[in-house]
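Some notes on the structure that comes next.
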Amino acid sequence: MPPYEIFVQCTECGDEHPMRVKIFLEAGPEQKQSIAETFRDRIMPPQVSAIQRHNSLCLKTGKSFVQDNDDLIFLVPPSPNRFRSIYSS
């Protein structure tokens, strides 16, 4: 199961910020997608439900916010290049 990063659209500044948590999903999206779209026709797993309405931090203002719109909470699949070492050739 691949680890998906969670990003939320900030209610303070409008940017997307990482929640700094990962969840493992067997059948997640192949590209960035909202949790509303990903789980439109199926039951949302408990680990995804646990991130709904969770406090997040705005990286620009330093204020906490809660994003309660599932269309603005995103699953981002792992990228093979994201974790490449700076020493690899």
Side-chain angles (χ1 to χ4, degrees):
M1 285 189 282
Y4 286 81
E5 292 187 64
I6 310 300
F7 282 75
V8 293
Q9 186 168 345
C10 183
T11 60
E12 293 290 320
C13 74
D15 285 350
E16 290 178 8
H17 301 308
M19 289 188 76
R20 296 195 170 107
V21 295
K22 292 183 181 181
I23 59 172
F24 293 86
L25 298 174
E26 269 187 50
E30 292 181 21
Q31 58 191 3
K32 176 181 156 185
Q33 192 173 63
S34 73
I35 62 172
E37 188 174 352
T38 301
F39 299 104
R40 186 172 322 274
D41 297 324
R42 55 188 173 145
I43 296 172
M44 194 173 294
Q47 65 269 39
V48 175
S49 298
I51 63 170
Q52 292 175 300
R53 289 164 281 295
H54 190 273
N55 276 336
S56 297
L57 178 66
C58 175
L59 301 177
K60 287 187 177 179
T61 66
K63 294 180 181 179
S64 291
F65 69 94
V66 174
Q67 180 53 265
D68 54 9
N69 182 342
D70 290 348
D71 289 310
L72 301 176
I73 303 171
F74 303 99
L75 297 172
V76 179
S79 167
N81 296 328
R82 186 174 295 153
F83 300 108
R84 250 180 56 193
S85 169
I86 60 171
Y87 300 108
S88 63
S89 39

Worksheet entry | Approximate separation, where rounding is to 0.5 Å, of Ile6 CD1 and Gln67 CD | 13.0 Å
Worksheet item: Does the side-chain contact (heavy atoms from CB on, under 4.5 Å) test come out yes or no for Phe39 and Val48, once each step is laid out?
Response: CA-CA 10 Å; Phe39 299 104; Val48 175; 3.9 Å; yes
Worksheet item: OG1/Thr61 to CD/Glu12 distance, rounded to the nearest 0.5 angstrom?
Response: 4.5 Å
Worksheet item: Under a 4.5 Å cut-off applied to non-hydrogen side-chain atoms, are Pro18 and Val76 in contact?
Response: no
Worksheet item: side chain to side chain donor-acceptor pair (under 3.5 Å) between Asp15 and Gln9: does it pass, once the steps are laid out?
Response: CA-CA 6 Å; Asp15 285 350; Gln9 186 168 345; over 6 Å; no
Worksheet item: Do side-chain atoms of Glu5 reach the backbone of Pro77 as a donor and acceptor pair under 3.5 angstrom?
Response: no
Worksheet entry | Worked verdict on Asp70 versus Gln52 for side-chain contact (heavy atoms from CB on, under 4.5 Å) | CA-CA 7 Å; Asp70 290 348; Gln52 292 175 300; 2.7 Å; yes
Worksheet item: What's the spacing between Lys63 NZ and Cys58 SG if we round to 0.5 Å?
Response: 8.5 Å
Practice prompt. Tell me whether Met44 is reachable from Met19 by hopping between hydrophobic residues (I, L, V, M, F, W, Y) whose side-chain heavy atoms are closer than 4.5 Å.
Written response: yes
Fill in: Step-by-step side-chain contact (heavy atoms from CB on, under 4.5 Å) determination, Leu25 to Leu75
CA-CA 10 Å; Leu25 298 174; Leu75 297 172; 3.7 Å; yes
Fill in: Straight-line distance of His54 NE2 to Phe65 CZ, nearest 0.5 Å
11.5 Å
Just distance, no hydrogens or angles: give the donor-acceptor pairs under 3.5 Å from side chains in residues 29-38, sequence neighbours left out.
| residue | atom | partner | partner atom | Å |
| --- | --- | --- | --- | --- |
| Lys32 | NZ | Glu16 | OE1 | 2.6 |
| Lys32 | NZ | Glu16 | OE2 | 2.9 |
| Gln33 | OE1 | Thr38 | OG1 | 2.8 |
| Gln33 | NE2 | Glu37 | OE2 | 3.3 |
| Ser34 | OG | Glu37 | N | 3.0 |
| Thr38 | OG1 | Ser34 | O | 2.9 |

Item to complete: Could you tell me whether Arg20 atom CZ has more than 12 heavy atoms of other residues or ligands within 6.0 Å of it?
Response: no
Worksheet item: Could you state the interatomic distance from CD1 (Ile23) to CD1 (Ile51), rounded to the nearest 0.5 Å?
Response: 5.0 Å
Item to complete: Starting at OG of Ser56, measure out to CZ of Phe7 and round the result to the nearest 0.5 Å.
Response: 11.5 Å
